[in-house]
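Chain A is the first sequence line, chain B the second, and so forth, proteins listed ahead of strands; every chain is numbered from 1. Values below: all heavy atoms of this structure, side chains included; hydrogens, waters and symmetry mates excluded.
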Amino acid sequence: MTTVAVKPATMAQALTRALRDAMAADPAVHVMGEDVGTLGGVFRVTDGLAKEFGEDRCTDTPLAEAGILGTAVGMAMYGLRPVVEMQFDAFAYPAFEQLVSHVARMRNRTRGAMPLPITVRVPYGGGIGGVEHHSDSSEAYYMATPGLHVVTPATVADAYGLLRAAIASDDPVVFLEPKRLYWSKDAWNPEEPQTVEPIGRAVVRRRGRSATLITYGPSVPVCLEAAEAARAEGWDLEVVDLRSLVPFDDETVTASVRRTGRAVVVHEAGGFGGPGGEIAARVTERCFHHLEAPVLRVAGFDVPYPPPMLERHHLPGVDRILDAVGRLQWEAES
Amino acid sequence: MTTVAVKPATMAQALTRALRDAMAADPAVHVMGEDVGTLGGVFRVTDGLAKEFGEDRCTDTPLAEAGILGTAVGMAMYGLRPVVEMQFDAFAYPAFEQLVSHVARMRNRTRGAMPLPITVRVPYGGGIGGVEHHSDSSEAYYMATPGLHVVTPATVADAYGLLRAAIASDDPVVFLEPKRLYWSKDAWNPEEPQTVEPIGRAVVRRRGRSATLITYGPSVPVCLEAAEAARAEGWDLEVVDLRSLVPFDDETVTASVRRTGRAVVVHEAGGFGGPGGEIAARVTERCFHHLEAPVLRVAGFDVPYPPPMLERHHLPGVDRILDAVGRLQWEAES
Amino acid sequence: MTVMEQRGAYRPTPPPAWQPRTDPAPLLPDARPHRVLGTEAAAGADPALLRRLYAELVRGRRYNAQATALTRQGRLAVYPSSTGQEACEIAAALALQERDWLFPSYRDTLAAVARGVDPVEALTLLRGDWHTGYDPYEHRVAPLCTPLATQLPHAVGLAHAARLKGDDVVALALVGDGGTSEGDFHEALNFAAVWQAPVVFLVQNNGFAISVPLDRQTAAPSLAHKAVGYGMPGRLVDGNDALAVHEVLGEALAHARAGGGPTLVEAVTYRIDAHTNADDATRYRDDDEVEAWRAHDPIALVERELTARGLLDEDAIRAVREDAEAMAADLRERMNQDPALDPMDLFTHVYAEPTPQLAEQCDQLRAELDAEAEAEAEGAGR
Amino acid sequence: MTVMEQRGAYRPTPPPAWQPRTDPAPLLPDARPHRVLGTEAAAGADPALLRRLYAELVRGRRYNAQATALTRQGRLAVYPSSTGQEACEIAAALALQERDWLFPSYRDTLAAVARGVDPVEALTLLRGDWHTGYDPYEHRVAPLCTPLATQLPHAVGLAHAARLKGDDVVALALVGDGGTSEGDFHEALNFAAVWQAPVVFLVQNNGFAISVPLDRQTAAPSLAHKAVGYGMPGRLVDGNDALAVHEVLGEALAHARAGGGPTLVEAVTYRIDAHTNADDATRYRDDDEVEAWRAHDPIALVERELTARGLLDEDAIRAVREDAEAMAADLRERMNQDPALDPMDLFTHVYAEPTPQLAEQCDQLRAELDAEAEAEAEGAGR
Ligand SMILES: Cc1ncc(C[n+]2csc(CCOP(=O)(O)OP(=O)(O)O)c2C)c(N)n1
Ligand SMILES: Cc1ncc(C[n+]2csc(CCOP(=O)(O)OP(=O)(O)O)c2C)c(N)n1
Ligand SMILES: [Mg+2]
Ligand SMILES: [Mg+2]
């Protein structure tokens with residue numbers, strides 16, 4: 001066994017590396033968006049790509065999101081694999097029609113003749129003190145759109161592995177990057193041959209027996225923290241990181257909940273009509289007789305994302321998660 | 001008691017009447033959209049309004065949905081009450097940014113100083129043999145957007161009452177009109193003083209004891225038909241017409257499910273990430289110990305809306321609903 | 001030097017030294033639509049081209065009539081006829097090289113067919129057995145596009161990609177006068193100009209967007225004037241003059257091919273039929289107007305030219321009409337057959353591989369269909 | 001006659017008789033940006049206006065500096081400075097009548113303040129205690145708008161509504177060069193022209209959209225040339241010349257007020273600071289360029305004029321600076337106080353009445369806050 005020098009890297013760095021490796025591996029990969037070239041993106045995720053691969057491969061587009069995604073559709077029609085950056089979650093909305101009416105449907109429309117291998121990178125979520133329109137969690141919109149894959153990493157390694165998989169996918173992928181994890185660090189060796197993570201597989205981040213926290217993206221570290229805190233209350237919580245919202249890994253989730261008999265879904269997106277409804281409903285459909293309590297949800301409130309000074313009251317935190325766990329009808333146990 | 005001559009009227013006629021009455025009652029009400037003036041709309045819902053109230057009150061706009069909704073925002077800022085028609089469901093997508101980032105948020109953004117009393121009428125759903133982009137059920141997008149009300153009638157009387165309420169509301173309302181019910185008829189007396197239905201109240205369309213069908217819009221008649229057919233199987237089904245998806249009438253729904261102990265949610269929109277997930281999850285949260293079986297969902301498949309010749313395989317029909325009812329673990333009864 | 005670098009840099013300079021980047025004058029369209037037929041310039045036209053245009057125009061009109069008839073027989077869900085606009089449709093198809101790409105809107109079945117798409121496959125969308133009936137790569141025709149103007153950025157992206165790859169490919173995108181009001185029109189033209197993409201935009205200004213006349217759509221001197229704002233040339237052409245449209249498009253395509261970037265062409269024409277078979281045009285326009293346009297008929301214009309030059313006699317006219325009738329008869333016959341349908345297609349092409357969720361739904365539908373078939377068989381056996 | 005009917009009808013005519021609806025020539029902008037300061041025309045300027053402009057420019061620059069300093073002290077989440085662009089900001093505010101409306105973008109805090117919005121309330125969005133800190137109706141200033149170009153259709157709609165009601169109100173909407181690429185820009189200008197709405201669009205072309213220079217944004221001769229495509233006049237003005245911007249806007253506003261419809265004004269200017277305090281401008285531009293623009297400083301231009309005309313002496317300059325310092329001191333002091341926050345505000349204004357769902361969540365948060373407070377009290381009591 002050889003010892004490998006493993007240095008901590010940030011999620012942003014892992015994403016940059018994934019883009020670079022994908023561009024080096026396949027000349028069809030083109031990066032495009034607002035400020036992705038000279039500046040390297042407002043989060044510096046595309047840093048250095050224009051220099052290394054030229055402006056034709058990493059292109060500063062005019063400022064128009066529908067135009068960016070719409071031209072990416074045309075480029076994909078001609079055999080390229082565009083990786084589009086939307087600068088912030090809320091600024092992907094102008095491209096909604098192109099996404100829903102074309103990106104998601106072109107393969108189906110043409111009976112498979114015209115697949116669109118487009119990756120749409122969307123920095124999403126709050127917790128970074130962003131002013132209005134800079135902290136939306138818009139995954140519910142994408143989940144409700146058949147034809148898209150919806151993927152979101154929670155670790156540095158997954159950021160690399162899942163982005164490589166997204167770019168390699170022949171289907172369009174909405175790749176949601178949790179903004180507040182951009183600067184999170186992990187021991188990760190960028191010099192090692194990198195694993196491409198398969199899309200559609202959840203992972204159990206923490207084993208536990210009392211109840212399952214089902215979560216993804218920015219809420220994964222929060223749930224892990226909550227699970228640690230829960231030990232004091234005598235609860236041994238399992239944490240499942242979904243990683244892919246579409247396709248959904250029923251197998252992993254169901255197995256966990258059948259084992260623990262209790263579950264809480266945790267996400268930042270608003271609760272009403274949010275991802276948690278779907279998750280809770282499908283878990284219940286599949287695990288009804290194993291459940292000791294209804295699947296509960298801890299989510300953002302059903303309000304427009306709050307201003308920076310109030311966001312801590314909105315975001316699901318450890319206490320709110322523990323409160324929900326406490327409501328899982330433990331009296332049945334005794 | 002006097003006898004009133006009640007003639008059958010179509011839902012489209014009731015909607016026209018609601019617009020006309022609202023315009024007559026309040027000079028601030030303005031109707032705008034593509035082809036709403038001279039033509040009276042592609043579904044003739046605005047028929048005669050331009051003639052009666054002039055082109056300034058019922059206006060054919062340029063062909064640009066974001067522009068229509070964006071200018072309506074400005075008009076509402078100045079005290080008007082715009083009623084916007086989106087020609088078809090999928091053609092509301094270009095206005096998505098205006099809807100999500102402004103219409104839904106302006107009141108909140110300005111601490112209540114600048115409410116936007118805008119009604120966005122969207123003919124939605126399938127079953128009319130429409131070609132691609134003419135049959136989408138996009139309610140999941142609107143439900144996941146705090147700040148909007150989302151309303152949809154299933155009867156001729158509700159079409160009138162709810163549209164009047166939507167226009168009278170100081171909040172923005174996405175008013176979803178089930179296209180295939182436009183020509184449905186009901187005994188309805190347009191000469192009687194009309195009731196304005198409060199927004200946010202579900203109604204029980206059919207009383208039953210065995211299980212509850214929770215549904216709305218175009219699926220209401222289908223569920224009523226299914227309930228009739230279910231009698232042959234010995235099931236006495238209750239049918240709840242939600243009418244308003246936001247706000248959601250937990251009270252009526254919960255009371256029904258607690259009584260019956262079983263529920264199926266039925267809608268045309270795709271299942272995954274669709275309205276049914278939210279509904280099933282919240283019903284389960286509230287009725288867990290009353291439930292004999294998990295709340296099931298009968299929904300459109302998770303595919304882009306199919307072409308006319310295949311849509312019957314996609315739409316939830318009586319058989320599929322009865323199948324789901326059959327899976328509600330009746331063995332527990334015996 | 002990369003394609004992007006070829007565009008060169010322009011840095012903002014303080015106003016005392018400020019210079020406009022390009023001279024707007026050459027970008028402005030002529031004040032009147034360019035015409036060839038009926039003018040002296042027509043004399044120079046290639047007889048073979050004229051004959052080809054004529055034959056295709058006649059076929060095109062016949063196709064529109066046949067398709068409209070099929071709606072009445074319930075064989076098509078809907079048909080948006082391009083009668084009156086055949087010159088644009090045909091010239092668009094003929095002006096392209098085989099390696100080029102066409103991006104049609106929902107009204108442009110004719111252009112697709114004239115480019116080689118099977119007349120039946122071109123109607124799949126409107127018949128309703130699937131969304132697109134042909135393989136877009138076979139004739140390099142993108143799917144007929146329903147959401148207005150959304151196909152324009154696709155054309156730009158494809159043309160740009162081809163240029164990046166060094167391929168000699170130009171894209172021609174069609175859009176209506178109403179479609180020019182959409183944001184996608186603006187964004188597409190702007191991207192095309194900034195990227196100097198080899199793409200040509202043809203606006204068929206037929207005076208209406210369903211019921212809405214041009215004066216409620218724009219206040220511009222002409223739609224071609226929009227080109228200036230993007231820094232590309234605008235051209236105005238008589239859309240009923242097939243030769244003029246063919247010439248203007250040919251020049252624009254050659255310009256794009258040579259690296260000169262995009263052009264916006266406005267063809268002034270008229271929709272003789274209603275918006276679709278489902279529309280009632282009498283609600284928003286007078287017969288007088290329609291009659292005035294009938295007098296400027298695209299087929300008659302070519303026929304007159306050919307006849308005047310002695311290039312067309314009764315026999316030739318008859319041959320062209322017979323050819324069109326044969327096409328119509330074939331179309332009618334094939335459209336009168338029920339298309340093969342497989343409900344399982346609902347799931348086949350949503351993703352490269354069905355998700356586990358779709359696979360489950362697939363099983364559900366298959367079980368339902370089996371049960372249905374069984375019940376039917378039982379019913380038949382009784 | 002209704003407002004809509006006043007526009008008159010234009011019916012499509014076959015090309016032999018086809019006429020352009022308007023002459024494009026008067027719509028085209030001048031080839032060079034309009035300038036007044038430093039030219040002979042400046043001599044006619046009203047001394048009071050010049051002095052007012054000067055004082056406001058100096059205040060504006062001071063405001064930008066103070067706000068930027070507040071970001072370093074953690075008192076603002078972010079600040080997009082308009083230093084270098086003060087002439088546009090101030091002239092925009094001063095050109096309006098009190099009854100008019102201003103539609104600022106996120107960069108236009110100065111314009112809002114110059115129009116009367118409280119300097120602290122104008123910073124609420126950027127401080128982060130709420131999304132908008134002022135009542136838009138008080139000074140008729142719409143909320144500072146972050147999603148680019150989306151405020152433009154609002155301005156059109158408001159102006160249109162005012163005209164329908166017969167009110168003498170004009171709307172002035174601000175947007176950046178980058179924002180002109182968005183579909184909303186196109187749709188807003190088109191609606192404005194078709195409706196002949198009393199609205200003026202001011203594009204502050206500061207050469208960059210964050211890092212992206214103008215040549216990657218457009219290939220147009222100038223942004224003002226976009227006007228032609230909508231059938232409205234385009235004007236080009238030196239955006240660092242406060243007098244010229246004031247004059248051009250004044251004319252455009254008067255034109256709109258008189259029923260003449262919208263105008264597109266492009267002001268050529270430069271963003272001296274980085275995009276925001278969080279941006280690193282050295283990544284995409286050279287100091288030389290910044291220096292060239294500093295030499296064309298909007299404050300210096302007015303100061304030179306005033307001094308040359310003997311309208312400004314040392315004392316007057318000192319007074320203006322002291323006034324600006326006083327404003328800055330007040331701003332600093334008030335911004336150094338923690339804003340009052342009520343977490344329950346999360347729910348108060350989402351709807352006129354909270355939905356039952358929100359009422360439940362409201363109770364949840366209140367319970368959490370009570371528990372928190374109790375725990376803290378306990379901790380303190382221990
Ligand atoms: C985005 C969008 N909005 C609305 C529609 C509905 N619609 C279909 S055709 C049409 C009118 C189109 O007019 P124009 O662009 O002039 O094309 P034409 O029909 O005259 O060929 C409308 C409004 C649509 N297809 N797409
Ligand atoms: C719809 C939308 N897309 C992207 C952004 C992110 N963004 C904020 S400012 C900016 C650049 C704007 O440039 P410009 O319009 O020239 O205005 P300036 O910043 O120069 O004042 C971008 C891309 C946004 N706010 N809105
Ligand atoms: Mg048209
Ligand atoms: Mg700028």
Contact class of [X] relative to chain B, heavy atoms under 4.5 angstrom:
X	result
Val303(A)	backbone
Pro275(A)	neither
Leu245(A)	backbone
Arg282(A)	both
Arg297(A)	both

Completion exercise
Applying a strict 4.5 Å limit to non-hydrogen atoms, the region of Val100(B) in contact with chain A is side chain
Problem - Residue Arg259(B) excluded, over 12 heavy atoms near CZ under 6.0 Å - result: yes
Practice task
Taking all heavy atoms of Pro294(A) and all of Thr284(B), pick out the closest pair and write down the distance.
Solution key: CB-O, 3.7 Å
Exercise for the section: Measure the CZ-CG distance between Phe288(A) and Leu296(B) for me, rounded to the nearest 0.5 Å. Expected result: 9.5 Å
Practice task
Hey, could you give me the CZ/CD distance between Phe91(A) and Glu97(B), rounded to the nearest 0.5 Å?
Solution key: 8.0 Å
Practice task
Examine distances only and state if a side-chain atom of Glu278(A) and a backbone atom of Gly273(B) form a donor-acceptor pair shorter than 3.5 Å.
Solution key: yes
Heavy-atom pairs under 4.5 Å with chain B, option from [options] with the top count:
options	value
Gly271(A), Ser101(A), Ala92(A)	Ser101(A)
Ala280(A), Pro304(A), Ala104(A)	Pro304(A)
Val295(A), Leu291(A), Val265(A), Val283(A)	Leu291(A)
Gly276(A), Pro307(A), Ala293(A)	Ala293(A)

Completion exercise
Contact list (residues 131-146 of chain B to chain A, heavy-atom gap under 4.5 Å, by number) returns Glu132(B), His133(B), Asp136(B), Ala140(B), Tyr141(B), Met143(B), Ala144(B), Thr145(B), Pro146(B)
Problem - Geometric class of the Phe96(B)/Phe96(A) ring pair [parallel <30°, tilted 30-60°, perpendicular >60°] - result: parallel
